[in-house]
Amino acid sequence: MSEVTLGGPFTFPGTSLTVQRIGYGAMQLAGPGVWGPPNDPDAAVALLREAVAEGVTHIDTADYYGPHVTNQIIRQALHPYPAGLVIVTKLGARRPADHSWQPAITPKELEAGVHDNLRNLGLDALDVVNYRVMGAGHGTEEGSIAEQIAALANLQRKGLIRHIGVSNVTAAQVAEAQTIVAVVCVQNQYNLAHRHDDALIDDLARQGIAYVPFFPLGGFSPLQSSTLSSVAGHLGATPMQVALAWLLHRSPNMLLIPGTSSLAHLRENLEAGRLRLSPKTLAELDGIADAPRPD
Ligand SMILES: NC(=O)c1ccc[n+]([C@@H]2O[C@H](COP(=O)([O-])OP(=O)(O)OC[C@H]3O[C@@H](n4cnc5c(N)ncnc54)[C@H](OP(=O)(O)O)[C@@H]3O)[C@@H](O)[C@H]2O)c1
């Protein structure tokens, strides 16, 4: 492993799973539109191997990326998996032939999803499974998730799932899930410019539960802000590194899974763990979310 600090270690609550706080999100490894194989499968394999060689111990995936493709690439690149690598996957969606994203939320579909993940990743049990509520963004789908969480708890009892998380959820849905299982992580949309979850993050931090922002760099519309660029310029870093460092400073339970298909971007993102931001700089960056719209 290089000297990159990766933001240091984090242990999922009540588990023996410890990961470095900068991990890797594998969604960008599928083809365009998260469908089919990537343009360069060998490059995808090389990227995953480099990530692990650089100390990444947390990979986020889903069997509906591709579908199946991303998990198959992870298996090809990394199986047999090195000790300490934690692969986190998601359930709750399926991808029909029209490439759309449809809910797959009955207990039967969730069980089938677990078996898809096990088969394509080459595992006997999944370390962490997030139940992902369908819907465009955070908080758009209110309503009970008790049936789905109970279904995952059942699969946990069967030994197919070790730990459970939730994704794209409201605070009420997190609390509801916690009445059924021990929730070890929450994965919602959050970044410098999109801060609906501030209160939830603080609440989860008090409980030691991981908060894993998806779209940490803005996702399909990468973050753009003159403040971000100016701070990055002063620090001799890139705007994306500053955006990631800001997340690491935001809360100790924040785990990063930036996605990239580029080796250069991967290395750049891992280096973000070295950036120390002063209180003044953090305040300046906090202002981005308050601005009417990042320019
Ligand atoms: N739970 C959920 O509902 C959900 C939803 C979406 C995503 N996710 C997970 O979250 C992970 C992260 O989200 P994401 O990949 O969609 O979005 P993201 O990490 O916010 O951004 C990825 C985009 O940023 C670019 N990028 C990455 N590093 C960069 C750098 N250093 N400089 C410039 N551009 C850079 C990537 O392009 P290049 O390939 O060119 O680097 C890609 O277009 C996913 O991989 C997936 O595992 C979960």
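Atoms within a ligand are numbered from 1 in the order they appear, just like the ligands themselves. This structure is a prediction, so every number in the text was calculated from the model and none was measured.
- The side-chain contact (heavy atoms from CB on, under 4.5 Å) test with Leu118 is passed by exactly one of Asp124, Asn71, Leu123, Thr89: Leu123.
- Tyr65 counts as a contact of ligand 1, since one of its heavy atoms falls under 4.0 Å from the ligand.
- Of the protein's non-hydrogen atoms, Ile257 O, 3.1 Å is the one closest to atom 12 (C) of ligand 1.
- With a heavy-atom cut-off of 4.0 Å, Ser167 touches ligand 1 through its side chain alone.
- Looking at ligand 1, you'll find an N or O of Met27 within less than 3.5 Å of one of its N or O atoms.
- Of all the atoms in ligand 1, the ones that sit under 4.0 Å from a non-hydrogen atom of Gln187 are 1 (N), 2 (C), 4 (C), 8 (N), 9 (C), 48 (C).
- His68 is linked by a side chain to side chain donor-acceptor pair (under 3.5 Å) to Asp63, Asn120, counting only residues two or more places apart in sequence or in another chain.
- If you look at Asn188 next to ligand 1, there are no close heavy atoms at all, none under 4.0 Å.
- Close contacts of ligand 1 with Ala26, meaning ligand atoms under 4.0 Å from a residue heavy atom, involve 45 (O), 47 (O).
- With a heavy-atom cut-off of 4.0 Å, Ala62 does not touch ligand 1 at all.
- Checked against a 3.5 angstrom limit, the closest N/O atoms of Pro258 and ligand 1 fall outside it.
- Note: no N/O pair closer than 3.5 Å links Thr61 and ligand 1 by distance alone.
- Ligand 1 places these atoms under 4.0 Å from at least one heavy atom of Glu268: 30 (C), 31 (N), 32 (N).
- Contacts between Lys90 and ligand 1 below 4.0 angstrom, taking non-hydrogen atoms only, involve the side chain exclusively.
- Close N/O approach between Phe214 and ligand 1 is not found [any backbone or side-chain N/O within under 3.5 Å].
- Under the side chain to side chain contact (heavy atoms under 4.5 Å, CB included) criterion, Ser221 pairs with no residue at all, not counting sequence neighbours.
- Among all non-hydrogen protein atoms, the one lying nearest atom 34 (N) of ligand 1 is His265 CE1, 3.5 Å.
- When only interatomic distances are considered, the shortest N/O to N/O separation between Gly219 and ligand 1 falls below 3.5 Å.
- Applying the side-chain contact (heavy atoms from CB on, under 4.5 Å) test between Leu244 and each of Leu192, Ile22, Leu217 identifies Leu217 as the sole match.
- Proximity of Gln241 to ligand 1, defined as any heavy-atom pair under 4.0 Å, is not found for any part of the residue.
- Counting only N and O atoms by type, the side chains of Thr227 and Glu284 include no donor and acceptor under 3.5 Å apart.
- Using a 3.5 Å distance cut-off with no hydrogens or angles, the side chains of Tyr211 and Arg250 do not pair a donor with an acceptor.
- In terms of polar-atom proximity, defined here as any N/O pair under 3.5 Å, Asn168 makes no such contact with ligand 1.
- For atom 13 (O) of ligand 1, the closest non-hydrogen atom of the protein is Phe215 N, 3.5 Å.
- Distances below 4.0 Å separate heavy atoms of Thr260 from the following atoms of ligand 1: 27 (C), 38 (P), 39 (O), 41 (O).
- Which parts of ligand 1 touch Gly218 is read off a 4.0 Å heavy-atom cut-off, strictly below it: atoms 20 (O).
- Proximity of a side-chain donor or acceptor of Lys90 to a complementary backbone N or O of Tyr131 within less than 3.5 Å is not detected.
- Side-chain contact, Asn191 with Trp246: no donor N or O sits under 3.5 Å from an acceptor N or O.
- Panel note: side chain Glu111, backbone Pro107; no donor-acceptor pair is recorded below 3.5 Å.
- Ranking the protein heavy atoms by distance from atom 14 (P) of ligand 1 puts Gln28 NE2, 3.5 Å first.
- The closest protein non-hydrogen atom to atom 25 (C) of ligand 1 is Gly259 O, 4.1 Å.
- Protein heavy atom closest to atom 20 (O) of ligand 1, with residue, atom name and distance, is Leu217 N, 2.7 Å.
- One N or O on the side chain of Glu176 and one on the backbone of Ile145 form a donor-acceptor pair closer than 3.5 Å.
- Nearest protein heavy-atom contact of atom 47 (O) of ligand 1 is Asp60 OD2, 2.7 Å.
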